[in-house]
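What follows is a set of notes on a single structure, which appears directly below.
Everything quoted here is computed from the prediction, not taken from an experiment.
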Amino acid sequence: MAFTKFLFVITLITIASAGFVWEDDDDLFPGFSDTFKMPEIPEIKSLEFDDIKTHVAGDNEQYTGESKSSYSSSSTVNGKTVSSGGVSELTNDGKAVEEKVMEYKDGD
């Protein structure tokens, strides 16, 4: 056991004095970033609801666009809570557009 402790202490001293320190130039691994450059990632435009709804598939293009959204709200009117909400679903297969809307309100 004493020999194991001795080897452990010697290992720690060796690691501490091994000279793994380099200049503080905000480069974690010197020379690494020069070897491997990250590729530029182009900006990706987000699709808007109208983009999906109006897209028509071109020749040899397979397109499927889908948008789903929902909302809900509640308010207190004359001491009574009134709730409402809705769900909307839009699908476009490149040729036909189908839109479904469901809305609700307390008392309906």
Side-chain angles (χ1 to χ4, degrees):
M1 182 71 177
F3 185 69
T4 304
K5 288 181 184 178
F6 174 75
L7 286 178
F8 181 72
V9 171
I10 293 296
T11 304
L12 289 178
I13 293 171
T14 305
I15 290 171
S17 62
F20 290 126
V21 181
W22 50 79
E23 292 179 18
D24 186 18
D25 60 358
D26 293 333
D27 190 5
L28 294 177
F29 301 100
F32 183 78
S33 62
D34 296 333
T35 305
F36 300 101
K37 296 284 185 192
M38 277 298 286
E40 290 291 324
I41 299 174
E43 184 177 341
I44 299 172
K45 179 184 174 264
S46 63
L47 287 174
E48 300 293 329
F49 181 81
D50 289 335
D51 295 336
I52 296 171
K53 189 174 184 175
T54 59
H55 184 83
V56 177
D59 294 337
N60 297 321
E61 177 186 9
Q62 285 188 320
Y63 177 82
T64 302
E66 191 171 297
S67 173
K68 295 179 182 180
S69 62
S70 65
Y71 74 93
S72 64
S73 67
S74 66
S75 59
T76 303
V77 178
N78 297 328
K80 183 180 176 191
T81 302
V82 177
S83 301
S84 64
V87 177
S88 167
E89 180 179 323
L90 170 77
T91 56
N92 181 351
D93 65 0
K95 297 177 183 120
V97 176
E98 183 179 359
E99 190 171 0
K100 299 175 188 174
V101 178
M102 182 189 80
E103 295 181 314
Y104 70 90
K105 185 174 182 179
D106 280 350
D108 288 353

Query raised in the report: Would you find more than 12 non-hydrogen atoms of other residues, nucleotides or ligands less than 6.0 Å from Y71 atom OH?
Result: yes
Query raised in the report: Distance from E103 atom CD to S70 atom OG, nearest 0.5 Å?
Result: 12.0 Å
**Report entry** More than 12 heavy atoms from other groups under 6.0 Å of CD on Q62
**Finding:** no
Query - Set of residues satisfying side chain to side chain contact (heavy atoms under 4.5 Å, CB included) with respect to T81, sequence neighbours excluded - result: S74, T76, S83
Query raised in the report: Quick one: ring pair (Phe, Tyr, Trp, His ring centres under 6.0 Å) partners of F49, sequence neighbours excluded?
Result: none
Query raised in the report: Considering all heavy atoms of both residues, which atom of I52 and which atom of G65 are nearest to each other, and what is their separation?
Result: CG2-C, 3.7 Å
Requested in this report: Can you measure from NZ (K68) to CD (E89) and round to the nearest 0.5 angstrom?
Outcome: 4.5 Å
Report summary line: Hits for side chain to side chain donor-acceptor pair (under 3.5 Å) against D93, two or more places apart or cross-chain, chain-then-number order -> none
**Report entry** Distance (rounded to the nearest 0.5 Å) between L90 CG and E99 CD
**Finding:** 5.5 Å
Report summary line: Residues N92 and K53: closest non-hydrogen pair is ND2-O, 3.7 Å
Query - Minimal non-hydrogen separation, T54 against D50, with atom names - result: OG1-O, 2.7 Å
Query raised in the report: If you measure from the Lys or Arg side-chain nitrogens to the Asp or Glu carboxylate oxygens, is any gap between D51 and K45 under 4.0 Å?
Result: yes
Query - ILVMFWY network linking V97 to Y63, side-chain heavy atoms under 4.5 angstrom - result: yes
Query - Gap between atom NE2 of H55 and atom NZ of K95 - 0.5 Å precision - result: 11.0 Å
